[in-house]
Amino acid sequence: KQWYQRRVREHYFIQINLSMVMGEVSQESAGTGEEPPRKRLRFRCYKPTDASLQDKQVEPAAALSIEAEVNKIVEESKTSGSSEIDLNALAPRKENWDLKRDVEKKLAKLEKRTKRAMAEMIREKLKSENTLSAD
């Protein structure tokens, strides 16, 4: 029963929207004297079979030719005098460049800790040598 009610509501909604699109005045706005906003119905990718909708069909858009723009860019690049191509800009990045970037901060922290640990080990060694020589 619920699916039937839902289907009836959908059908009613479609009928109201079609009447508004086709320019018919709905019953609610007819009593108030107020016209609903009109939408223009256009078929771009659909070819309607109904004769009354044939005039609503839009002609397909023509593809733009970009040959002139491409030729202009090619001529500008030829006349600019810069025949050298930067190979670094054309070369793709290595696969692990993002991994190196992400790990860089962690490696900097580890480097600091390593230096501190090495300095501490040297101090301990010097202390042990001083205590041995003092004895």
Side-chain angles (χ1 to χ4, degrees):
K1 186 175 180 178
Q2 290 176 348
W3 66 269
Y4 178 74
Q5 290 174 347
R6 187 179 74 233
R7 186 73 180 134
V8 168
R9 275 185 273 151
E10 289 173 359
H11 180 69
Y12 178 72
F13 180 72
I14 291 170
Q15 289 299 324
I16 289 175
N17 284 339
L18 279 178
S19 66
M20 288 178 69
V21 168
M22 296 301 289
E24 299 172 4
V25 178
S26 66
Q27 293 175 353
E28 294 85 17
S29 64
T32 61
E34 185 180 306
E35 256 187 64
R38 293 188 179 193
K39 295 181 182 179
R40 221 175 119 215
L41 184 64
R42 294 178 297 226
F43 298 110
R44 287 191 172 91
C45 301
Y46 174 71
K47 194 171 193 177
T49 55
D50 189 8
S52 64
L53 298 176
Q54 290 290 331
D55 60 333
K56 308 283 188 207
Q57 187 175 359
V58 177
E59 294 294 322
L64 299 175
S65 175
I66 60 168
E67 291 178 9
E69 292 180 34
V70 171
N71 289 336
K72 181 180 175 183
I73 293 171
V74 168
E75 289 300 320
E76 286 177 2
S77 66
K78 285 181 182 178
T79 58
S80 66
S82 171
S83 62
E84 292 183 24
I85 298 174
D86 185 17
L87 294 179
N88 292 332
L90 294 177
R93 291 183 175 178
K94 292 185 180 180
E95 298 86 26
N96 61 354
W97 68 271
D98 59 335
L99 295 174
K100 288 181 181 178
R101 179 198 63 208
D102 295 340
V103 173
E104 206 168 277
K105 293 177 185 175
K106 295 177 183 176
L107 285 176
K109 287 181 183 178
L110 285 176
E111 186 68 30
K112 288 179 184 177
R113 288 181 183 175
T114 305
K115 287 181 180 180
R116 277 193 218 135
M118 290 173 69
E120 190 176 324
M121 289 172 64
I122 291 172
R123 281 189 214 116
E124 287 176 6
K125 188 174 182 181
L126 289 174
K127 282 182 184 178
S128 66
E129 285 178 2
N130 287 340
T131 57
L132 286 176
S133 63
D135 290 339

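The figures that follow rest on heavy atoms only: side chains count, while hydrogens, waters and symmetry mates do not. Here, residue 1 is the first one in the sequence, and each next residue gets the next number.
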> Just wondering, are more than 12 heavy atoms of other shown residues or ligands nearer than 6.0 Å to CZ in Arg101?
yes
> With the side chain counted from C-beta on, respond yes when Lys56 and Pro48 share a heavy-atom pair under 4.5 Å apart, and no when they do not.
no
> Evaluate the criterion salt bridge (Lys or Arg N to Asp or Glu O under 4.0 Å) for residue pair Arg7 and Glu10; output intermediate values, then yes/no.
CA-CA 5 Å; Arg7 186 73 180 134; Glu10 289 173 359; 3.5 Å; yes
> Applying side chain to side chain contact (heavy atoms under 4.5 Å, CB included) to Lys100 and Glu104, what does each step give before you reach the verdict?
CA-CA 6 Å; Lys100 288 181 181 178; Glu104 206 168 277; 5.6 Å; no
> When rounded to the nearest 0.5 angstrom, what is the spacing between CD1 in Ile122 and NZ in Lys125?
8.5 Å
> For Leu126, does the CG atom sit with more than 12 other heavy atoms under 6.0 Å from it, leaving out its own atoms?
yes
> Run the salt-bridge test on Glu124 and Lys127 with the 4.0 Å N-O cut-off and return the result as yes or no.
no
> Can you hop from Ile66 to Val74 via hydrophobic side chains spaced under 4.5 Å?
yes
> Can you tell me how far CG of Asn71 sits from CD of Glu69, rounded to the nearest 0.5 angstrom?
10.5 Å
> Same cluster or not: are Leu107 and Leu99 linked, directly or through other Ile, Leu, Val, Met, Phe, Trp or Tyr residues, by side-chain heavy atoms under 4.5 angstrom apart?
no
> Is the CD atom of Glu129 crowded by more than 12 outside heavy atoms at less than 6.0 Å?
yes
